[in-house]
Structure formats: structure tokens, C-alpha cells
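Scope of the values below: all heavy atoms of this structure, side chains included, with no hydrogens, waters or symmetry mates.
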Amino acid sequence: MAPAKEKPIVQAVTAAASLKEAAEILRVRQRLPDIDSVQGLQQCYENFPKIWSQLKDLWIKKDEKLMGALCVIFGKMCKDAVLRSKLAEKGLIRMLTDALEYPNIHGVVLRALAVITAHSGGKERISVADRATDDIVRIASNVSSDDPVFTYCVTVLCHASFGRYSLNNDSTQRQKAQAGNAKPLLELMVRASKLPDDHVAGHAFSSLTMLTIDKERDILDSPEALRCLVGHLRHPELATRAEAFRALLTMRRGSPKESVVMDPQRVMMAQKRLKSDAEYNEQFMETGPYNMLLTTVLTSMMQNAQDRNMLSLGKKLYALLMRSEFGIGDGQFRDERKQLITDLGLPYTNWFEAIPPCVAALRAENPNSEAAVILEIKYEIKHRRFAKVHKLAKAWLEVNENCSYCYYALSMDQKNDKEGLKWSKLGLRTQPKGYIQLGLLFNCLDYAGRLGVDMLGDDHGYHDDPEKHMKTAIAYLHTALKDAKTYIDLAPVDDRILRQVLWRYLCLFVTFKGSALVDADLRKVQVYVDRLKLVERVSDIIWSPVIGTAPKLTWDVISNTYKSAAEEWDPIFSAQSQRHQVSESELHERAAEQEAPDGLEELVEKLVLSPDHHVNPDEASWRPHIFSRHLDEDMLELQRARELDARDGKTRRIGLAYSRPPSKANRDVSSATSVSYVGDAEVFQPIADLMTEESTVNSVWCNILSTYYFPFPEYIIKPEARLGPSGRHRADLLVTRSRDSKVVMIIEGKKAGGAQATWDKSVKQSQGYYNPVTKTGIGVTRVFCMAAVGRKVVFVAPNHRGADSVLWGIKVQRGKPMSFRGFKALDILEDSEEIHALLSHIKESVKNE
């Protein structure tokens, strides 16, 4: 009997009992690999053009069940990063979003989109958000909350929002995100946040927090969304409360910044008004800096007009500056008719311009005068020349490392928040007093608060190591809370920035304390609220009217919404906890325990003040250097030795910045090897600047390696070289020895930028090259690899022969290359000596085997 004829594929799929079964029929009939296994996914990659053509031909038949079966297959293929990228390039996202018009396959379509958006980059997420947000919101609104389709809808929208609503997007993307009506999406996310399912509720709330970046107006117009955000300040988990705080603050990021200036006339008028104020404590005006400003400064300047003694005036101005930030004013000599007097024979007309001649007089008496240095720093601060301020302050710290004012100056206007926090923390260790202590405290809480908020908004950093990332962000915020409390305890009621500190403190206080320690009526913080009212009124008289800064507006939203939000969301959090069999008392106990986890202060000290903080001091971002977190004890010891060597080798001169000599490690390298590939640094600089695109990165390193270390014909450098029997692995550059074709080095290049994800991908790809090299025996005894990203490069290799699955970083220590558990990024120009030493070592080891 002849075998039964197979049904046409569409009929076979249609007859299947489920989409899963239909997908398996489709896979077998199309002779596709087993896509549930790693080997099957590898075969898909190797035969991708053919497989894609088969699947696309079936898709265009537009049969609903056939498309559903294909979506199951696409969803499984998308679990592989390379296949996911290839499918996206072929237009899979457009195909899937178009398929949302078929209601019977919503589940598998959304599941495939969930896989894509969960693991892809911003481009793919934005594409899904733009093409499908309205359709997905509509689908979710028409199904029950316990339907799996609803879960997929929330998950896809959450992942897509991380791409569509991001501060890192360009202006065009931001404008596109700000357009349109977000009300239906907001309503959906608030609804989903109330569900007992942690997965759905967590994704929904995360999506809502991301909407605060570009949809702040819609959220402010939505009482339900505001109550959701404020209500989550009472969530049992501290991480969730911190995220709610970040979202509320993010909405106000475009608010004006407060700029308080000193107006002597306003202060005099304020004295008269506040003396009759029963609530105001008059001792602040008697002992504070402002009364002194209007008497002592005036007396000193009048005395100088008579005796013209700039040395005496300099000493008086220094003493005043140590007592008050406004100890030196911008006054002028005027007659009874308020006309400017210019014929007094003085080298200045504006009182502040008396500082340069005073500095000269002080240095004439004593070249090492600290008073002269601090007055000069104050003069540069006044003119906002902070590069010179930092230079002068660092130079004087070489003479007096306990000069609090220099640390205060170094903490000002730092472009790198971590650097600013470091100088502020170091300054507080010198036991400063008065306004210098308050200034350092404010800079500490300002930098730390910004670091914490920025980390909470960094999606990439979170996914790299969620627990560590969140703990670090919370540690920064907790530091800001503690420093704000100290500031409030020390500052007089007429302090010029106390109101800013109180706004921040109140927001952070309710965030860290949560529902366990803060009642719905905010009675716990009433004493600070009362003080804030007085401070706002007093500062409005003395300094300037209160304006809507981000901290003020954030606190206003919290205080105005807190009670109603607590009434709505406390029962929801209680119900969600009961699902996990957590009692009410245990819930409050857990929230109280999370108020301030142990070790937060020590963590900040380690992050900011540890030796490895200087791995990349010019980094524009707040994030720790990607490779600094992996430094072993030997590396830390080397870093400390470098700092001590550099410090001992400096020449002490007053009033000048000191250049750091080459570190001990680099001196050892240079003495042990010949001149590096750089030659003239000025000539090489433009070449390094060109290393932005991957092709340029690979070309530069190909030329360096072939010219200085692995010359032709002894060696051959192969571009885009394939490895392994199937040739599946392809290295950007492969250095091979001509006499036996053995692989010496593998080079994987990437374009500049991309931060941690780019490094991770580059090093991971490098690691994947070692297995085929080892298994086929085509490598030398120890094959090295360079992972180059822009002008930075990392050297890696197996630590021992045969340990091909574990790569160790290679560095120069005490003049010799060594392995360590981690990676160290080297700059092609700035670290050329160490790179040269490593390449020379590799060359010699290959030559001698």
C-alpha cells in the first residue's frame, strides 16, 4: 500500500490542537533544528538565510494559526542574542506588531515581543513602543487582569517604556515621546500596579516611573497616577520606595535652580522687619554672619582708606572670610550724594577688588602665607574660574593637608559628581567649622543625592548586577539623608540654603522610613514642617522669594497627596503581602528593617575614597569604572604604592599646581623596555582621536601590531579570520606565526562608547574564541586576546595552560606582566608604556617557545 499523502502544511497546522503543537509540526515539516537546544540555535545561526526565507514564505500566507505557530518559533529563536538581532534586522518587530490585529494569537505574539523587548537595546524597544503601544493598551483594556495576555501586555509595555522614555534619547526622540495622550496608558499601569501578582504589579509600576521622564504633564494632571507614585513611598520594600522618590523628583527636573545672592541693603531692611517678629529668634541676627558683614567689613574698609595699609587689610579680610562666606563684600566708597569716590589713592574701587593687592602684600611678608592662598582662591571663586580654584587648592593641600577651605573649594563645581563627593567627604574629615562645614555638608548631600537618583534611573547598570546596583544607589541617598539631618541640626534659621536642605530632607525621610515609621498624617515630620515654614518666611525676607525648585515641588506633591495615597494604597500593599503569607506586624517590621540597611555609609566611603576610584578620574559619568570593581588585593596595593610614590616625588612650591611624575610601575616598564609605538605624543594624538568607529579601531591596531611587534613575513595578521571547523567564530584580527600558522593573538574591536555593555560583549566574544583554538590545537602555548573599545584596550588570556574557559586580565605590576581576576582598561595614548610592555612580553614569549 502506498504511504498516505501528507496534508498541505497549512491544513496540518490548522488541524493541530494547540499553537505549541502547530509550531512543532511546522518545525518538523520545514526540517528546522531543535530550537529548544543550544545546538539547534547554533544551527539556526549558521543556516539563517535559508531558515529565514522558509519562515517568511509561510508568514506571507497570512493564515492566522500558521502565523501563531511561527510566532512560537520566533519567540524561541529570539532567546539567542545573535538570532534576535538578525531577526530584528529582517523586520520581525514590524511583522509581530502587525499580527496584533489577529485576536486568536495575541498571546504568542505578545510573548515573542516580551522576549525581544526584555533583552534588546533602545532601538528595538522604541520601535515596539511607537508601533504597538496603542494596540497593546487596547488589548489589555479588553481582557481580565488574570488573563496571561494581560500579563504579556504589561510586560511588553514596561520593557518598551525603558527605551521610549529615556533621558539618554536625542531631542527628536524626546519630542516624539512627549507627543500624544498618555492617559489610557497611565490608567492601565495604575490598574496593573494594584494586582496581587508581584510580576505584573512590579512591571506596571516600573513603566509608570519611566513615564515621568517625558509624560510629567500627563501624570501631574492625573490624581490617580500621583497617588500611585506617592503611595509607593509607603511600600514595604525600600528599593520600591526609592524608585518612587526618583520618579517624583524626575518629573520636576526642568524646574529652575535657586540662586541666592547677597544684597547688603536687603539684609539691613530684613533686620528691621525681623526684630518685631515674635517667632524669630533674635540671637541669629546678633551672632550670625550678616550683622558682622555690615559693621566689621565697613570699618575695615574705612580704616584702609585712611592708612592704605594693604597688609593690614589683607589680614582683616582673611579673618572675616574665615567667619563668614560673605565676609568680603562688593561695596564701594561713595559720598553723601551716593557718588562713587575714585581719588582715594587706593589700588581698587570695588572692595572685592582689594583682594589681589592684599594677596601681594601678604606674600611679600611671607611667601608661604595661607591667608594669601585662601584669599586668592576666594577671588577666583567670585569670578567663577573653577579650574584655577581647583589648581590652587590642590597645590596648597600639598603644604597643609588639613586646610578645610581648600577642600571646600575643591568640592565646588565638579563636573564628576563622584569626584565632588570625594572632596566634600575629605573636607569633613578635617573637622571644619561654621559656614565651611555647612558648605561641605550641602555639597555632600547634593552630590550624593544626584548620584543616587541617577543610578536609580540607569537601566543598563541595574540589569548588570541588580542587587549591587540598587544597594549602591540607596547608599548614596542614605548619605544625603544623614548629611541633610546634620546640616539642619547645625544651621541657624536664617541660613541662606537651609530651606533647600529641608525640602530634600523631608522627601528622603519619608522615603527611607516608609509606612512603618511615618503615619498618614505626617505627624512624624511635623517639627521639620513647622521649621520649614519659618525658614521659608525668614529667607524670603533676607535672601530672595521662594521659587518652585525641584525639591520644593516634589515635597509639595508628597505632602499634599500623602494622606489620600496612604488610604488608597496601604490596603493594597497589605493584600499583596498576604498573598505571600506575611502578617501585618511582619510587614511593618520588614519595612522598619529596611529603613537603613547596614554598611551603607561604609559602602559610600569605599566607592568614593578607595584607591581604585582613580582608575579613570576623567570619566564623565558618575558610574564606577567598569573594571575597577574587579581589582584584586595586589592591584589595590599597587595603586596605593603609585599614589605614595607620586606624592613623595612632588616638588613643594607655593601658589602653583604640581604635576604628578610617572608612577613607579610605569618607570619600571619604561626602563625594562624600549620606546613604545607612540613616539611623539602630539603626533599620535590625532590618530587616537580618530578611534571612534570599529573599522578605525581595528585598522590602527593592525598597523601598530604589524609595524612594531609582529612584522611580516614572520607573522601574518588576518582580518575577519574564521575559527573552528565550521568557521562560525570570526575574529576581527588574528595574529598568526608564519612558520607553523599558530595563533598568537586574537583582537576583537568595537566602536567607542556603549559603556559596560560594550565591554561585556567584547570580552565575552573574546572568550568564545578560545574553545575552537584550543580544541583544534591551532594556538601557541598561551594565546592572548585584546578587547579594544575605541581608544581603550583590555588584555586577557587563560591563567594556566588548558584553562580555556576562564579568562584573566593581564596587567603590568612591578615591571612585569601578571594575571589577575578582573580586567584593566588601558588608553592607547595615556597608557602606551604599559601596553608596550605587554605586547613586548607577548612577542618575546612567542619567539622563545
Side-chain angles (χ1 to χ4, degrees), residues 122 125 129 157-171 173-178 182 185-186 189-190 193 202-233 235 238-258 417 445-462 469-470 472-474 476-477 480-481 500 503-504 506-508 510-512 548-562 565 621-623:
R125 289 174 171 178
L157 290 172
C158 174
H159 295 159
S161 67
F162 280 101
R164 166 43 69 212
Y165 306 105
S166 172
L167 292 172
N168 295 324
N169 289 344
D170 58 36
S171 57
Q173 293 287 6
R174 294 288 305 281
Q175 290 174 4
K176 197 170 183 179
Q178 292 163 4
L185 180 59
L186 290 174
M189 292 309 165
V190 172
S193 297
H203 275 74
F205 182 68
S206 294
S207 182
L208 183 61
T209 62
M210 294 307 296
L211 286 165
T212 60
I213 294 175
D214 289 309
K215 294 294 185 181
E216 64 274 14
R217 194 70 265 163
D218 297 87
I219 293 176
L220 291 171
D221 292 338
S222 171
E224 296 82 6
L226 281 179
R227 287 198 302 273
C228 180
L229 290 172
V230 175
H232 275 76
L233 292 174
H235 193 277
L238 176 56
T240 302
R241 302 200 298 270
E243 182 59 27
F245 163 70
R246 180 204 64 79
L248 289 164
L249 190 63
T250 298
M251 285 196 299
R252 302 298 193 173
R253 70 189 179 282
S255 304
K257 294 184 179 180
E258 191 170 61
D417 288 340
L445 71 93
D446 189 47
Y447 286 123
R450 193 157 52 239
L451 282 164
V453 170
D454 286 350
M455 286 197 75
L456 289 173
D458 178 42
D459 179 43
H460 294 298
Y462 175 82
H469 185 85
M470 186 58 70
T472 304
I474 289 173
Y476 282 128
L477 292 179
L481 175 69
Q500 298 184 45
W503 292 324
R504 300 178 193 212
L506 286 166
C507 294
L508 288 168
V510 297
T511 299
F512 274 90
T549 61
K552 172 181 167 46
L553 294 176
T554 301
W555 172 244
D556 286 347
V557 168
I558 292 174
S559 58
N560 294 333
T561 316
Y562 199 80
S621 167
W622 47 260
R623 281 191 290 273

Which residues satisfy the side-chain contact (heavy atoms from CB on, under 4.5 Å) test with [X], sequence neighbours excluded?
X: Ala473; answer: Met455, Leu456
X: Asp556; answer: Lys552, Leu553, Asn560
X: Gln178; answer: Arg174, Asp214
X: Thr554; answer: Leu248, Leu249, Arg252, Cys507, Ile558

Quick one: list whatever passes ring-ring contact (aromatic ring centres under 6.0 Å, His included) with Tyr165, sequence neighbours left out.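 Once residues adjacent in sequence are excluded, Tyr165 has no partner under the ring-ring contact (aromatic ring centres under 6.0 Å, His included) criterion.
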Would you please name every residue forming a ring-ring contact (aromatic ring centres under 6.0 Å, His included) with His159, sequence neighbours left out?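 Only His203 meet the ring-ring contact (aromatic ring centres under 6.0 Å, His included) criterion with His159.
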Among all residues two or more places apart in sequence or in another chain, which pass the salt bridge (Lys or Arg N to Asp or Glu O under 4.0 Å) test with Arg253?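 Checked Arg253 against salt bridge (Lys or Arg N to Asp or Glu O under 4.0 Å); zero matches.
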My understanding is that only residues two or more places apart in sequence, or in another chain, count here; which of them pass salt bridge (Lys or Arg N to Asp or Glu O under 4.0 Å) with Asp218?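 Not a single residue meets the salt bridge (Lys or Arg N to Asp or Glu O under 4.0 Å) criterion with Asp218.
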With sequence neighbours left out, write down each residue that passes side-chain hydrogen bond (donor to acceptor under 3.5 Å, both in side chains) with [X], or none if nothing qualifies.
X: Arg164; answer: Asp130, Gln173
X: Glu216; answer: none
X: Thr250; answer: Arg246
X: Thr209; answer: Glu243

